[in-house]
Each structure stands twice: as structure tokens, then as C-alpha cells.
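Along the sequence shown, residues are numbered consecutively beginning with 1. Reckoned from all heavy atoms, side chains included, excluding hydrogens, waters and symmetry mates.
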Amino acid sequence: MADDDFGFTELLPLGPDQTQYRLITTEGVSTVDTELGTFLKVEPEAIQRLTAEAMHDIAHFLRPGHLQQLRNILDDPEASDNDRFVATDLLKNAAVAAGGVLPMCQDTGTAIVKGKKGQNVHTGGGDERSIARGIQDTYQTSNLRYSQMAPLTMYDEKNTGTNLPGEIKISAIDGDEYKFLFMAKGGGSANKSYLFQETKALLNEATLLPWIFEKIQTLGTAACPPYHLAIVIGGTSAEFAVETAKLASARYLDALPTEGSELGHGFRDLDLEKKVLELAQTTGIGAQFGGKYFCHDVRIIRLPRHGASCPVGIAVSCSADRQALGKITREGVFLEQLETDPARFLPDVTHDDLEGSDVVHIDLNRPMSDIRAELSKYPVKTRVMLTGPMVVARDIAHAKIKERLDAGEPMPQYLQDHCVYYAGPAKTPEGYASGSFGPTTAGRMDAYVEQFQAAGGSMIMLAKGNRSQQVTDACNAHGGFYLGSIGGPAARLALDNIKQVEVLEYPELGMEAVWKIEVEDFPAFIVVDDKGNDFFQQVKVEAAQRATNVRLG
């Protein structure tokens, strides 16, 4: 067949790379002339060092564009007070994390590395091993958390203690450069990656926009908005649709074409991105506790598809927007320049109006009955500042306490006397009271609430994200409360709000142990009260009408 009869396109053809890079080193990189041409020779140590520096940087630094979007919230007169409060806290957190000691989020994530290796790049093999060694180097020498569980049997697992294995994928491309995308994906945002198997019936605006609005509301706040939202419509396979959504949420595919062709490449639909961003602003969820900024931005990518299949992938990048590009060329080893001075995005004058009389200070040293009586005076969405002792327990601790209750044992006194914070700390740096210690996703503990409250425990819960109806019903029946903590500012909470940390029970569980902590002016919001009111259910009803108005307008 003649070339004139052949049309080829990459599935995801990207334009020029406009990234600003910094030089890490020129060591480990050289060229070698062969009868097949000049090759770029890359030593394993160069790949290892690039990976180690990348994983360190993305745990502590953010892209300037992301930080500017947070600052834009502060300058937007349409932003709610809660939007601005969360944005301010996230900027403060970024400033703390940029010190290089406390990571920006306590869930320092699964290490994900995507490599594109030019055909004229010679490494001698073992690239995945070099990348994995770089990952381990950073996780074992920094104040990061090990999150990877090795399955020993179908039901038994053990933490690897290195944060390995990582997710490493290397593909072949033309040229003599080695290009990389480094990501750290925490459980919160990873759990908000979705696949929907739809049909061609979805491919019209009258059907698609209401469908998208319904789906994005289900994202909730567990993954720490404001989000970078990505939606991929179509795909040569289900897994390719979801992977493309993950890459788009990292803005890795921003340089795609903005219109399609008969060859079938993917493209961005900029007009639809604007419409979906408007829909996201009408959800009323805002930056976690009500307002406009549920999403910073939206990426929508249309892919080719099999005529009998229409997969749709949805993914988000959260407030811990952790990714960076890297490359190895003849000139050396380079890594994307992230922002090392995020404090410059903070306003010169603090937002004193956010610290006004609408903030309720709660003394956690009082008896539990008194604390609950105080909270009962205020409606959902009220902002509170917590000072005093609380206990920390999450998945495994909850499972162990349930086993005790099922065996007829009493509820531990510490869960009766104190607020319970769903969290798991990163490693504690020398000289600090705590490592990064932000909230984990509340919904994972929903199944325990009714039994625990009936036994007199978990009467005040603190975490991030929305809860199920069974939690609202339990709080209504037993007089309990769920307080939402801001998802994202784990470093700032450790530095400014957590004053003392000690293990209460199950020390062998590491970060999953039961802890007792002392906090000061710990920020939170009343999300579910003792009367059966749920803030997120309220905003969902209000958002439906606003979204209808947007579509009709």
C-alpha cells in the first residue's frame, strides 16, 4: 500500500513542551557515536537521582499556576467566606511544606512514574529498577509516609516499609530524549477515579451536561477540593479512558489539539470545559464547605471509540496537586521548576473578617455532654475552632474496636470522653511535636458509626468529606456530630495546631495506632448535627435548581 493511502496519528498528539525546567546535574549523561547514529547514553544513577529529587519536590512544592489559582479565590468577590478561608489555609500550608521538612499532605501517596524513552537513548536496561531505587531513597530519607501494602495471602498484607512498589510505565518514542511525568497519588483523590460504560445516547449536549452534573456531585469533598477535574469521553478501551483522565487531571495533556480529525486522535473541547466549570460552580459545595470553588478548572478530552462502546473516565487532582515533569537530554538531567516561595501568593493583609464572631471556639477539655450541648446551639456550616484533647483512630483501629464490642466488651473510655479524629500521621521530624497530620476520608468509617454511638463512643467525629445517610441517622438518634476538617493543610496543622502526640493503644499499628493529641484552634465546620441536618444534602438540593438555570440560560 502506498504511503499516500496511509494516514497515521498518535492517539494523544501533544504540542511543544512549554515547561520551565531546572538543571539538576550533567553527571551520568553522555553521547556515543555508533554506526546507527549518535546515541544519548544515560547511566542508572542519573535516572535514580532524577526520580529521588522529583519525589521530594512534589511532596513539598506546588506549581506556580496552581498557587495562583488559590490566590484568585481570595481576589474573587463571588467567592464565599468559606472558599476564601480554605484557600488561605491551603496557601499557608504550602508555605509550611516549602520548608522541605513537613510534606504538604500526610498521605504522601503512591509513586507513579510515566516515562517516554527515545529510540536513540541507551541505558543498558534496568530503568524500572533505577526509578524504584530513586523512589525508595526519598521515602526513606524524608518525613514521608509508607502507604503500600504487600499482599501475603488473599487476606493478609504487610506494609512494605519503602513505599514500593511504585507504578512505573515506560513507552518508546522517537528522538534522543528521555521524558518523565512524576506523580504522587494519595488514596483520597485516587478513590475518586471513575469509569462509566455508556453508549452513543450520551453523545449530545442535552443528555451529556445533566449526566456530568450528576456525576461530579458524587465526587463530594473527600479528595480535598478545589479540584482539577478531568473527564474523558470515549476511548479505545476502558483502561485507556481512565488513564487518560488521570493524565489530564495533571494537565499533562493540555497541549492536545482542540478539534478532531478523521484520523481519530484525541482532542480537548474547550467550549465544553467552560460549560462544565460553570456547572461545578453551581454545585454549592465550593472549596469543601460551601461556595463557588468546587473546581479550579476542567479538562474534557474526546477520544476515538469502538462503535459499540463509549467509556467515560473521570479523575481529579486534589489540593495536594503533586506532579512534575522531568527530562534527560544531551545537556543534562532536568526537573520542572516548582514554586519554592508560595508565601508570595498570600495577601499582604490577613483576612480578619474570617476570624469574626461567626467562629465558635470549642473547649475540648470539658465533659462530652457539655461539648455536645454547645455544638447543638449552632447550625450546620458553622465554623468552629477546637482546643484541647482528642483521640485519633482510623480504619484498622475501628475494626479492632468493633471486634471488642462484638465480643461483649465495653466501648473504650477514650472514645466516650473525646472527639475522634480520623487521621494517620506521616513521620515526625526531629524537634517537632508531630509529622504532617491531616484528616483522612470520613466515609470509610461510616459503617461503624451506629454501633459505636449506640455504645456511647464516637459522639463527635472529625475528618474530611461527606458522609452517608446512615451517619446522619445515627447522629440524629444518638445526639452525635460530624465535624468536617479542611482537607489538604496537613503540614500547617502539624506546625500550628497540633501541640502534643502520644500513642494510646495498638502501637504496633504504626500510623494506624490509636493516638491522643492536644490541639489548639484546630479549624473545622459542623457538617452533620444532632438534629439530622447534613450540610452536603442541603447544598445538593440547592444546586439542582442553580444547575437548571445555568443550562437554560
Side-chain angles (χ1 to χ4, degrees), residues 8-58 63 110-139 163-185 236 239-240 243-244 246-248 250-257 265-266 322-338:
F8 171 78
T9 181
E10 296 179 61
L11 270 176
L12 298 171
L14 297 178
D17 182 6
Q18 305 294 335
T19 305
Q20 180 181 350
Y21 291 93
R22 65 179 179 90
L23 176 65
I24 292 178
T25 184
T26 57
E27 295 180 5
V29 179
S30 60
T31 58
V32 57
D33 293 324
T34 75
E35 62 181 11
L36 297 176
T38 301
F39 279 70
L40 176 68
K41 185 179 181 182
V42 180
E43 302 295 337
E45 293 78 12
I47 300 173
Q48 180 178 329
R49 180 172 176 183
L50 173 60
T51 303
E53 294 232 10
M55 299 316 298
H56 171 273
D57 278 14
I58 62 178
R63 286 172 166 164
T110 296
I112 300 172
V113 182
K114 179 179 177 64
K116 291 183 176 181
K117 186 177 184 181
Q119 93 273 17
N120 287 341
V121 176
H122 177 75
T123 62
D127 295 22
E128 289 193 26
R129 179 183 177 86
S130 298
I131 291 169
R133 183 60 184 268
I135 293 169
Q136 177 174 309
D137 286 351
T138 288
Y139 275 82
N163 214 55
L164 294 177
E167 179 183 313
I168 302 168
K169 297 181 180 180
I170 302 173
S171 58
I173 60 171
D174 296 340
D176 61 354
E177 294 186 348
Y178 207 157
K179 302 177 182 179
F180 297 88
L181 169 67
F182 300 96
M183 301 177 69
K185 200 72 173 172
T236 50
E239 57 269 29
F240 185 65
E243 181 179 13
T244 302
K246 180 191 294 184
L247 296 177
R251 279 83 71 217
Y252 184 67
L253 304 178
D254 277 8
L256 281 176
H265 60 72
R322 295 172 292 193
Q323 59 263 325
L325 299 178
K327 63 180 181 179
I328 303 177
T329 72
R330 296 185 181 198
E331 287 71 38
V333 180
F334 297 87
L335 183 62
E336 181 176 352
Q337 179 64 64
L338 301 179

Neighbour count above 12 (heavy atom, 6.0 Å) for R129 CZ: no

Validation row: T31, D176 side chains within 4.5 angstrom (heavy atoms): no

Nearest atoms (heavy-atom pairs only) where L40 meets I328: CD2-O, 3.6 Å

CZ (R63) with more than 12 external heavy atoms under 6.0 Å: yes

Donor-acceptor pair, side chain of E43 and main chain of G28, under 3.5 angstrom: no

Atom of P44, atom of S130 and distance for their closest heavy-atom approach: CB-OG, 3.4 Å

Heavy-atom check, side chain of I58 versus side chain of L338, under 4.5 Å: yes

Any donor-acceptor pair under 3.5 Å from Q119 side chain to G175 backbone: yes

Smallest separation among heavy atoms of T38 and R330, with atom names: CG2-NH2, 3.6 Å

Closest heavy-atom pair and its distance - A184, M55: CB-CE, 4.3 Å

D127 and Y178, any side-chain heavy atoms less than 4.5 Å apart: yes

Side-chain touch Y252/L12, heavy atoms, less than 4.5 angstrom: no

Pair T123-K117, side-chain contact (heavy atoms from CB on, under 4.5 Å): steps then yes or no: CA-CA 10 Å; T123 62; K117 186 177 184 181; 2.9 Å; yes

Between CZ on residue R322 and CD1 on residue I112, distance to nearest 0.5 Å: 10.0 Å

CD-OG1 distance between E53 and T51, expressed to the nearest 0.5 angstrom: 10.5 Å

From CD (Q323) to CG (L181), nearest 0.5 Å: 7.0 Å

Min side-chain heavy-atom separation L325-F334 under 4.5 Å: no

Test item: K169 and E243 side chains (from C-beta on) under 4.5 Å apart, heavy atoms: yes

Spacing of T244 atom OG1 and L11 atom CG [to the nearest 0.5 Å]: 8.0 Å

Evaluation steps, side-chain contact (heavy atoms from CB on, under 4.5 Å), between L164 and Y139: CA-CA 9 Å; L164 294 177; Y139 275 82; over 6 Å; no

Separation of D254 CG from Q18 CD (nearest 0.5 Å): 11.5 Å

Rounded distance [0.5 Å steps], CD1 in I168 versus CZ in F180: 10.5 Å

Worked verdict on K179 versus D17 for side-chain contact (heavy atoms from CB on, under 4.5 Å): CA-CA 11 Å; K179 302 177 182 179; D17 182 6; 6.0 Å; no

NZ/NE/NH1/NH2 to OD/OE distance under 4.0 Å, R49 and E45: no

K327 versus T19, side-chain donor and acceptor atoms under 3.5 Å: no

